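For reference, the structure is listed below as structure tokens.
Quick caveat, the model's predicted, so the values are computed rather than measured.
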Amino acid sequence: MNKNDLVGVVADKATITKAQAAEAVDAVFEAITGSLKAGEEVRLVGFGTFAVSQRKASTGRNPATGAEISIPASNQAKFKPGKGLKDAIN
């Protein structure tokens, strides 16, 4: 499922236009992104939790040349599914 598919499903389930559904989906994505940027966790009970984790700097190897490269520290978005989502897909 891509974003357009999601917008279509939201429009059908909420009986709204696709334009309104697109605005709603975009607003949800913006809210989650904004909270993660601020270092906050987004917990959707029954669905899951979005959080930011720090990845430490490390060294790796270029697979083509075998040369060592340094990989800088970075922030990574993580998602941990909730019980309701786990139960629904099992």
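Side-chain contact check for L44 versus T49: every heavy-atom pair is 4.5 Å or farther apart. Counting heavy atoms from C-beta outward, L85 and F79 have side chains that approach closer than 4.5 Å.
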Go through D5 and V9 one step at a time and tell me if the side chain to side chain contact (heavy atoms under 4.5 Å, CB included) criterion holds. CA-CA 6 Å; D5 296 337; V9 170; 5.6 Å; no

Would you check, one step at a time, whether the test side chain to side chain contact (heavy atoms under 4.5 Å, CB included) holds for V25 with V10? CA-CA 8 Å; V25 169; V10 169; 4.1 Å; yes

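The two atoms that bring A21 and V7 nearest to each other are CB-O, 3.5 Å, heavy atoms only. Closest of all the heavy-atom pairs between N75 and Q54 is OD1-CG, 3.2 Å.
Taking the salt bridge (Lys or Arg N to Asp or Glu O under 4.0 Å) definition, one finds that D26 meets it with K3, sequence neighbours left out. Qualifying side chain to side chain donor-acceptor pair (under 3.5 Å) partners for E23, counting only residues two or more places apart in sequence or in other chains: none. A search for side chain to side chain donor-acceptor pair (under 3.5 Å) contacts involving E40 returns nothing, not counting sequence neighbours. Taking R55 as the reference, nothing meets the side chain to side chain donor-acceptor pair (under 3.5 Å) condition, with sequence neighbours excluded. For E30, there are no salt bridge (Lys or Arg N to Asp or Glu O under 4.0 Å) partners, not counting sequence neighbours. The salt bridge (Lys or Arg N to Asp or Glu O under 4.0 Å) test applied to K86 returns no partner, not counting sequence neighbours.
Between the CG atom in L6 and the CZ atom in F29 there is a gap of 5.5 Å [rounded to 0.5 Å]. Once rounded to the nearest 0.5 Å, the distance linking OG1 of T59 with CD1 of I71 reads 7.0 Å. In this structure, NZ on K78 lies 4.0 Å from OG on S53, to the nearest 0.5 angstrom. Annotation: the span from T15 atom OG1 to D12 atom CG amounts to 9.5 Å, rounded to 0.5 Å. Note that the CG atom of N62 and the CD atom of E68 stand 11.5 Å from one another [nearest 0.5 Å].
Side chain of R61 to main chain of A67: no donor-acceptor pair is present (N/O by atom type, distance under 3.5 Å, no hydrogens or angles).
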